[in-house]
Amino acid sequence: MAIDTSGQVTIRGEGSATTTNLQQGLNKAYCTFAQSSSHTINDSFNISGLSDDGTGQTTVSYTNVFSVAKHPVAGTSNWNGVFTHDTYTTGSNLIRGRGANSSSLDDRGTLTMLCGGTLA
């Protein structure tokens, strides 16, 4: 492991001579929330709040923004549901919930999202 003068941490990869920048590989934001009730945040990091944008739609806003609008986002939904996302900006992301066998938007009991990328 090496730490340079800027505070960047570089570690050696498993079984090889390649290195990885530790800060680039960390989650930069996460959130688990109830979409089907009052949009209550159960746990979060770097999330400033939620906005109910109608049935099955929630805007998740970040405390510290990303350097690019289309940053990596992954998520899950409970109750045999589907998590999708779009309408990216550096400061927020629109999350949509659906039932697994339906194309209609549907409020989900719990949605979880993880975000990677570089913060501004």
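Residue indices begin at 1 and follow the sequence shown. Values below: all heavy atoms of this structure, side chains included; hydrogens, waters and symmetry mates excluded.
Note on M113 and L105: separate hydrophobic clusters, where clusters join Ile, Leu, Val, Met, Phe, Trp and Tyr whose side-chain heavy atoms are under 4.5 Å apart, directly or indirectly.
When the side-chain hydrogen bond (donor to acceptor under 3.5 Å, both in side chains) test is applied to T40, the partners found at least two apart in sequence or on another chain are S38. Taking N64 as the reference, N46, L119 meet the side-chain contact (heavy atoms from CB on, under 4.5 Å) condition, with sequence neighbours excluded. T32 is linked by a side-chain hydrogen bond (donor to acceptor under 3.5 Å, both in side chains) to T112, counting only residues two or more places apart in sequence or in another chain. Every side-chain contact (heavy atoms from CB on, under 4.5 Å) that T89 has, sequence neighbours left out, goes to S92. Residues passing the salt bridge (Lys or Arg N to Asp or Glu O under 4.0 Å) test with D107, sequence neighbours excluded: none. Legend: residues meeting side-chain hydrogen bond (donor to acceptor under 3.5 Å, both in side chains) with S51, ordered by chain and number and at least two apart, are D53. Applying the side-chain hydrogen bond (donor to acceptor under 3.5 Å, both in side chains) criterion to T76, with sequence neighbours excluded, gives no partner residue.
For the atom pair CD1 (I47) and OG (S61), the distance works out to 8.0 Å, reported to the nearest 0.5 Å. One finds the CG atom of N42 at 9.5 Å from the CZ atom of F33 (value rounded to the nearest 0.5 Å). A distance of 8.0 Å separates OG of S48 from CD1 of I41, quoted to the nearest 0.5 Å. The structure places OG1 of T55 at 8.5 Å from CG of D106, a figure rounded to the nearest 0.5 Å. Summarising the geometry, atom OH belonging to Y62 is positioned 12.0 Å from atom OG belonging to S44; distances are rounded to the nearest 0.5 Å. Between R108 atom CZ and S77 atom OG the span is 4.0 Å, to the nearest 0.5 Å.
Under the salt bridge (Lys or Arg N to Asp or Glu O under 4.0 Å) criterion, the residue pairs touching residues 88-98 are D86-R96, with sequence neighbours excluded. Within the structure, the salt bridge (Lys or Arg N to Asp or Glu O under 4.0 Å) test picks out no pair touching residues 62-82 (sequence neighbours left out). Sorted by first and then second residue, the ring pair (Phe, Tyr, Trp, His ring centres under 6.0 Å) pairs involving residues 94-118 (not counting sequence neighbours) form an empty list. The list of salt bridge (Lys or Arg N to Asp or Glu O under 4.0 Å) pairs with a residue in residues 37-51, not counting sequence neighbours, is empty.
K28 places a side-chain N or O within 3.5 Å of a backbone atom of G117 that can act as its donor or acceptor partner. With N27 contributing its side chain and A29 its backbone, the two residues share no donor-acceptor pair below 3.5 Å.
Q57 is not listed as a side-chain neighbour of I95, based on a closest heavy-atom distance of 4.5 Å or more. Considering only heavy atoms from C-beta on, C115 stays 4.5 Å or farther from N93 through its side chain. Residues H85 and L94 fail the side-chain proximity criterion, which asks for heavy atoms closer than 4.5 Å.
Between H71 and F66, the two ring planes are parallel [angle under 30°; tilted spans 30° to 60°].
Alongside F45, the hydrophobic cluster contains Y30, L114 (criterion: ILVMFWY side chains under 4.5 Å).
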